[in-house]
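All heavy atoms count here, side chains included; hydrogens, waters and symmetry mates do not. In this text, all values refer to a predicted model and were calculated from it rather than measured experimentally.
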Amino acid sequence: MPKVSKEYVQEKKKKILDSALTVCKMKPLYDITMRDIIKASGVSQGGIYRYYSDLDEILVDVINQANANADYKHLIDEIMDTSDSPKTSIIQLFTFLGQYIKENLLTVGKFQFELTILFANNPKRQEKILSNITENESGQYLMQNLFIAIRKGISTGCFQPAISIEDLSIFMVTSIDGIVRDVLLQKCYGVLPIDQMQFDEIKLMNTLCKSVLLLLGSKEGETKN
């Protein structure tokens, strides 16, 4: 391969990754082939292998790029720093989560779901891909801050929970997972007919937020504690 500049290589890899991302949005990760990416990018087979050794290396870069773009810890910090009460923090965090899911469903959400299927059928690929993926822990960080707000509200007497914190934690996690899964199945795969029931992730998160606040002993109509 003739010597080329670093900028040239970066430009070519970006073109390949942009094309791969388009393919990943249209096809399940477990069905994508190198031929799909070659066709979408317009780069020849010999050309694409100058920049990537195989398909999994491309998928890892696509996933890592999506994860990096979806890092929102600083936005969570901003919510926590500017909220005037534990209840306000909870409401704003759930509102943010609904918007985040809406904006990232076709990338991070879809990729995470499809990776589980790919790994179930290809254990060897699982080890190779997972070892090179840069984890985005924003989701865990959001949950941690939700419980910081909940514990603060309990300690100051703003909340009087109707159930244990452990049970509330399980309820929140399983509810969020269920919302993400069902919205994903409907909007990405058409499993649930759109005309039968329209899932709106923002409204669903708003309803979950109200349920959590009621379980915490906070009246729905109150805006401040």
Side-chain angles (χ1 to χ4, degrees), residues 25 63-113 116 133-188 192 194 197-225:
K25 289 180 179 180
I63 294 167
N64 282 341
Q65 180 176 275
N67 284 343
N69 292 339
D71 187 350
Y72 53 80
K73 290 181 181 178
H74 63 291
L75 297 176
I76 296 173
D77 289 338
E78 184 177 335
I79 289 173
M80 297 299 289
D81 290 342
T82 58
S83 297
D84 59 5
S85 71
K87 180 176 179 179
T88 301
S89 297
I90 292 170
I91 292 172
Q92 292 183 352
L93 287 172
F94 271 108
T95 299
F96 171 80
L97 182 57
Q99 188 63 45
Y100 168 81
I101 294 171
K102 189 179 187 70
E103 294 175 356
N104 293 276
L105 190 69
L106 288 176
T107 53
V108 177
K110 183 174 182 289
F111 296 165
Q112 290 178 346
F113 180 77
T116 61
I133 286 180
T134 303
E135 289 293 332
N136 181 344
E137 299 179 351
S138 293
Q140 295 178 12
Y141 192 63
L142 184 143
M143 293 303 297
Q144 290 171 3
N145 279 274
L146 271 174
F147 280 99
I148 288 174
I150 288 171
R151 292 190 181 95
K152 181 178 179 180
I154 293 174
S155 67
T156 57
C158 298
F159 299 147
Q160 296 181 341
I163 61 176
S164 70
I165 296 301
E166 180 180 3
D167 287 344
L168 181 62
S169 174
I170 294 172
F171 170 71
M172 288 171 58
V173 171
T174 54
S175 296
I176 292 171
D177 286 348
I179 289 171
V180 172
R181 181 196 63 232
D182 287 350
V183 170
L184 189 67
L185 288 173
Q186 182 183 73
K187 296 190 175 181
C188 293
L192 298 174
I194 297 292
M197 183 184 298
Q198 179 64 56
F199 289 159
D200 184 311
E201 46 272 74
I202 295 177
K203 289 182 179 179
L204 287 168
M205 283 300 168
N206 182 47
T207 300
L208 177 58
C209 178
K210 291 178 180 179
S211 300
V212 169
L213 290 173
L214 287 172
L215 289 171
L216 286 169
S218 175
K219 293 181 180 181
E220 181 181 331
E222 295 177 349
T223 56
K224 293 185 178 181
N225 292 306

Between the side chain of Gln186 and the main-chain N/O of Phe199, is any donor-acceptor distance below 3.5 Å? yes
Nearest 0.5 Å please: distance from the SG atom of Cys209 over to the CD1 atom of Ile91. 5.0 Å
Please check this pair: side chain of Ser83 against backbone of Ile79, looking for a donor-acceptor N/O pair closer than 3.5 Å. yes
Here the gap from Leu97 atom CG to Leu146 atom CG, rounded to the nearest 0.5 Å, amounts to 8.0 Å
When you compare the side chain of Ile165 with that of Ile154, does any pair of heavy atoms fall below 4.5 Å? yes
Given side chain to side chain contact (heavy atoms under 4.5 Å, CB included), test Arg181 with Leu185 step by step and report yes or no. CA-CA 6 Å; Arg181 181 196 63 232; Leu185 288 173; 4.0 Å; yes
Rounded distance (nearest 0.5 Å) linking atom CE of Met143 with atom CG of Leu93: 10.0 Å
Are any side-chain N or O atoms of Asn206 and backbone N or O atoms of Ile202, one a donor and one an acceptor, separated by less than 3.5 Å? no
Does Met205 form a side chain to side chain contact (heavy atoms under 4.5 Å, CB included) with Thr95? I'd like the steps, not just the answer. CA-CA 7 Å; Met205 283 300 168; Thr95 299; over 6 Å; no
Are Phe111 and Thr107 packed together at the side-chain level, in the sense that at least one heavy-atom pair is separated by less than 4.5 angstrom? yes
Test item: Asn104 and Asn69 side chains (from C-beta on) under 4.5 Å apart, heavy atoms: no
Within this structure, what is the CG-CG distance for the pair Leu204 and Asp182, rounded to the nearest 0.5 Å? 9.0 Å
Do Val212 and Leu208 come close enough that some side-chain heavy atom pair is under 4.5 Å? yes
CG on Leu168 to OG on Ser211, rounded to 0.5 Å: 10.5 Å
Applying side chain to side chain contact (heavy atoms under 4.5 Å, CB included) to Leu106 and Lys187, what does each step give before you reach the verdict? CA-CA 9 Å; Leu106 288 176; Lys187 296 190 175 181; over 6 Å; no
Side-chain touch Val180/Phe113, heavy atoms, less than 4.5 angstrom: no
Heavy-atom count around Glu78 CD within 6.0 Å, excluding the residue itself: above 12? no
If you measure from NZ on Lys73 to CD on Gln140, what distance do you get to the nearest 0.5 Å? 8.5 Å
Answer whether the closest heavy-atom distance between the side chains of Cys188 and Leu105 falls below 4.5 Å. yes
Can you name the nearest heavy-atom pair linking Val108 to Ala70, along with the distance? CG2-CB, 3.7 Å
Does Lys203 have more than 12 heavy atoms from other residues, nucleotides or ligands lying within 6.0 Å of its NZ? no
Can you sort out the partners of Tyr100 under ring pair (Phe, Tyr, Trp, His ring centres under 6.0 Å), two or more places apart, ordered by chain and number? Tyr72
For the backbone of Tyr141 and the side chain of Asn145, can you confirm whether one donor and one acceptor N or O come within less than 3.5 Å of each other? yes
Close side-chain approach of Phe94 to Lys210, heavy-atom, < 4.5 Å: no
Any side-chain heavy-atom pair from Met172 and Ile150 closer than 4.5 angstrom? yes
Locate the shortest heavy-atom distance separating Pro86 from Ala149; write the atom from each residue and the value. CB-O, 3.3 Å
